[in-house]
Colleague: 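My questions will all concern the structure given below.
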Number of protein chains: 2
Amino acid sequence: MIDPALRRGPGERAHGAPLASLVGVSIPRLYAYHRALRQAQEAGKTTITSHGLAALLGHTIASTQIRKDLSALGPLGRRGQGYAIDPLAEQLAWVLGLEHDWRIAIAGFGYLGHAFASFITAREARFRVAAIFDQSPAVIGQTWQDITVQSIGEMDRVLAAAGCNIGVIAVPAGAAQPIAKRFADLGVRALLNFAPIALDVRAPVIVRNIDLAGEMSILTHRLTLDLVADGDDVEAGAGSF
Amino acid sequence: MIDPALRRGPGERAHGAPLASLVGVSIPRLYAYHRALRQAQEAGKTTITSHGLAALLGHTIASTQIRKDLSALGPLGRRGQGYAIDPLAEQLAWVLGLEHDWRIAIAGFGYLGHAFASFITAREARFRVAAIFDQSPAVIGQTWQDITVQSIGEMDRVLAAAGCNIGVIAVPAGAAQPIAKRFADLGVRALLNFAPIALDVRAPVIVRNIDLAGEMSILTHRLTLDLVADGDDVEAGAGSF
DNA sequence: GACTGTGAATACCTTCACAGCA
DNA sequence: TGCTGTGAAGGTATTCACAGTC
């Protein structure tokens with residue numbers, strides 16, 4: 001596990017602490033802070049405390065945790081006052097890479113690929129879907145927001161021109177691995193994978209898996225625990241299942 | 001964080017260790033094992049070693065980790081031989097709750113809700129979509145696999161009859177919280193939430209969030225680190241972004 | 001007084017090393 | 001010999017307690 005590139009941001013702008021100090025902070029948490037800060041901005045606020053942020057997040061994250069995370073980014077708060085929202089949001093956006101434009105290629109334009117495209121472009125202005133691929137002749141040639149769905153066979157040619165940074169894999173499990181390899185060979189260094197298999201990709205390429213069935217299994221596991229407990233206490237219960 | 005109900009499974013069947021000993025094992029990992037075991041079963045195998053399992057999982061999980069996890073479920077392996085696949089898969093299925101039938105209600109039947117319904121019913125035979133709700137008049141009345149999409153206003157009436165155990169929230173962020181409350185009030189104790197907000201639900205109800213934008217932010221964060229490093233080394237590079 | 005920043009303490013999860021068995 | 005099972009060690013994330021600052 002080598003974490004490369006731990007220097008400061010480029011240019012004149014001081015981006016607080018070197019990113020090396022980010023050990024121990026979870027990026028999705030930082031993203032949640034950023035989201036909450038935008039919300040506070042829209043509400044007209046200019047400062048916020050760690051407790052206020054925790055409240056905006058439904059107290060799913062402790063204020064202590066928030067302070068620890070934010071202090072890792074640099075001296076952004078004022079003791080006794082709280083955090084100034086604008087510079088904090090800006091700093092978070094920089095750390096999260098939200099100040100760049102990202103070009104996304106989607107492989108597999110079924111319902112899932114379609115849903116992802118709509119969701120992510122609505123959520124982050126700088127996320128652009130730049131290429132869409134599918135295998136099915138029924139889908140190829142369709143357009144989505146000016147983008148024409150291309151054949152998977154065209155990936156090599158199209159991707160070279162489209163210059164995408166992020167690949168999304170929304171194809172059936174059986175088709176995922178070769179597509180991951182193709183993305184990797186074409187220089188796409190970040191993959192979001194919805195297929196329920198472990199992709200085999202090498203070093204500079206990073207993968208995040210969205211494990212829908214795995215998340216469901218957490219729910220069914222917990223519900224089963226409840227069933228066992230209830231069964232012990234109330235003798236078989238109302239027989240719903 | 002109280003983990004309720006930590007006794008054995010019911011009935012004559014011995015389900016190995018009490019589930020209390022499952023501290024430290026991640027349920028998605030157990031689910032991955034189960035998936036790999038089914039794969040091995042289909043390939044005609046009857047036993048497998050922890051190393052063999054690791055290989056099936058693309059070595060994303062260490063064999064030591066696998067042994068630790070499985071040993072928490074009871075004495076399922078034989079030293080020198082490996083694990084007998086059938087009883088192991090059965091035990092995992094029980095722990096994961098995969099031996100029950102689960103009735104799923106989906107709120108929000110846009111592309112995402114649709115994709116989820118198709119995906120999850122294809123993956124697990126005992127997951128059934130039993131009710132679908134949407135707000136849009138254009139969607140209400142459509143059918144999916146014999147299920148008619150109902151108005152969200154009908155949730156109270158329909159859910160009482162449908163007897164669902166799991167609610168899936170695939171509506172816009174603004175609509176998510178009231179729907180979560182409604183699910184909770186109607187006795188649905190497990191929610192899978194795709195909306196990018198922290199739901200406020202109380203004690204017996206459990207929530208899992210699928211945070212698509214959060215996962216994307218991990219990718220953009222890592223890519224930004226690379227950018228900073230490359231920029232330092234190659235002076236602005238090829239100017240792709 | 002209010003709130004941030006942070007070392008120390010704790011809890012948790014993973015890896016290691018090896019004992020125990022077939 | 002081959003592989004599981006597990007205490008011990010190591011590492012990482014979270015919480016606590018409080019010092020520091022406005």
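All values below come from the heavy atoms of this structure, side chains included, with hydrogens, waters and symmetry mates left out.
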Colleague: Between C:dT6, D:dT4, C:dT14, which nucleotide has the shortest distance from any of its atoms to the side chain of A:Lys68?
Modeller: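 Among C:dT6, D:dT4, C:dT14, the one nearest the side chain of A:Lys68 is C:dT6.
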Colleague: Does A:Leu76 reach a base, just sugar-phosphate, or nothing at all? Heavy atoms under 4.0 Å.
Modeller: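 Since only primed, P, OP1 and OP2 atoms lie under 4.0 Å of A:Leu76, the category is sugar-phosphate.
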Colleague: Return the value, rounded to whole Å, for the distance between atom CG of A:Leu53 and atom C1' of C:dA2.
Modeller: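 So the CG-C1' distance, A:Leu53 to C:dA2, works out to 16 Å.
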Colleague: For the pair made of CG in A:Leu73 and P in C:dT6, what is the distance, rounded to whole Å?
Modeller: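 So the two atoms are 12 Å apart, to the nearest Å.
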Colleague: Using a 6.0 Å cut-off, check whether atom CZ of A:Arg29 has over 12 heavy atoms from anything other than its own residue.
Modeller: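 Yes, CZ of A:Arg29 has more than 12 neighbouring heavy atoms, counting only those of other groups under 6.0 Å.
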Colleague: C:dG5, C:dG20, C:dT14: which one has an atom nearest the side-chain heavy atoms of A:Arg79?
Modeller: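 Between C:dG5, C:dG20, C:dT14, the one nearest the side chain of A:Arg79 would be C:dG5.
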Colleague: In terms of side-chain heavy atoms of A:Tyr83, which of C:dT4, D:dT4, C:dT15 is nearest?
Modeller: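 Looking only at heavy atoms from C-beta outward on A:Tyr83, the closest nucleotide is C:dT4.
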Colleague: Pick base, sugar-phosphate or nothing for A:Thr49, based on heavy-atom distances below 4.0 Å to the nucleic acid.
Modeller: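 Sugar-phosphate contact only - A:Thr49 comes under 4.0 Å of backbone atoms but never of a base.
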Colleague: Report which part of the nucleic acid A:Ser50 touches: base, sugar-phosphate, or nothing (heavy-atom distance under 4.0 Å, all strands).
Modeller: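 It contacts sugar-phosphate atoms only.
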Colleague: Using the closest heavy atom to pick a nucleotide of DNA chain D for each, name whichever of A:Ser26 or B:Gly82 lands nearer the 5' end.
Modeller: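 Counting from the 5' end, the first nearest nucleotide belongs to B:Gly82.
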Colleague: Taking A:Leu191 as the fixed residue, which of A:Val168, A:Asn209, A:Val207 is the one that meets the side-chain contact (heavy atoms from CB on, under 4.5 Å) rule?
Modeller: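 Result for side-chain contact (heavy atoms from CB on, under 4.5 Å) with A:Leu191: A:Val207.
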Colleague: Looking just at side-chain N and O atoms, do A:Gln177 and A:Asp200 make a donor-acceptor pair shorter than 3.5 Å?
Modeller: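 The answer is no; no qualifying pair exists.
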Colleague: Please determine if A:Arg35 forms a cation-pi arrangement with A:Tyr33, meaning its NZ or CZ atom is less than 6.0 Å from the six-membered ring centre and no more than 45° off the ring axis.
Modeller: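 Because its charged atom misses either the 6.0 Å distance or the 45° angle limit, A:Arg35 does not stack over A:Tyr33.
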Colleague: Can you measure B:Ile27 atom CD1 to C:dC13 atom C1' for me and round it to whole angstrom units?
Modeller: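 B:Ile27 atom CD1 is separated from C:dC13 atom C1' by 14 Å.
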Colleague: How close or far is atom C1' of C:dT14 from atom NE2 of B:His59, stated in whole angstroms?
Modeller: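 These atoms are roughly 18 Å apart.
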Colleague: Just the rounded figure in Å: distance from P of D:dC22 to CD of A:Gln81.
Modeller: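 In whole Å, D:dC22 P and A:Gln81 CD are 9 Å from each other.
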Colleague: Nearest whole angstrom, please: distance from the P of C:dT14 to the CD1 of B:Ile66.
Modeller: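 Whole-Å distance recorded here is 12 Å.
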Colleague: When the distance from CG of A:Leu70 to P of C:dT4 is rounded to whole Å, what number comes out?
Modeller: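 These atoms are roughly 9 Å apart.
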Colleague: Would you say A:Gln65 reaches D:dT14's phosphate, i.e. side-chain N/O to OP1/OP2 under 4.0 Å?
Modeller: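 Checking A:Gln65 against D:dT14: at least one side-chain N or O falls below 4.0 Å of OP1 or OP2.
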Colleague: Considering just the side-chain nitrogens and oxygens of A:Arg78, establish if one lies under 4.0 Å of OP1 or OP2 belonging to C:dA2.
Modeller: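 Answer no for this pair, as no side-chain N or O of A:Arg78 is under 4.0 Å from OP1 or OP2.
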Colleague: If you check the B:Arg67 side chain, which of D:dC22, D:dT4, C:dG5 turns out closest?
Modeller: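 Side chain of B:Arg67 sits closest to D:dT4.
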Colleague: Evaluate side-chain hydrogen bond (donor to acceptor under 3.5 Å, both in side chains) for A:Tyr31 paired with A:Glu124, printing each intermediate quantity in order.
Modeller: CA-CA 11 Å; A:Tyr31 185 81; A:Glu124 290 296 334; 2.6 Å; yes
Colleague: Choose from C:dT4, C:dT14, D:dT6 the nucleotide whose nearest atom is closest to any side-chain atom of B:Ser71.
Modeller: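 Looking only at heavy atoms from C-beta outward on B:Ser71, the closest nucleotide is D:dT6.
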Colleague: In whole angstrom, what separates B:Gln91's CD from D:dT4's P?
Modeller: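 Between P of D:dT4 and CD of B:Gln91: 17 Å.
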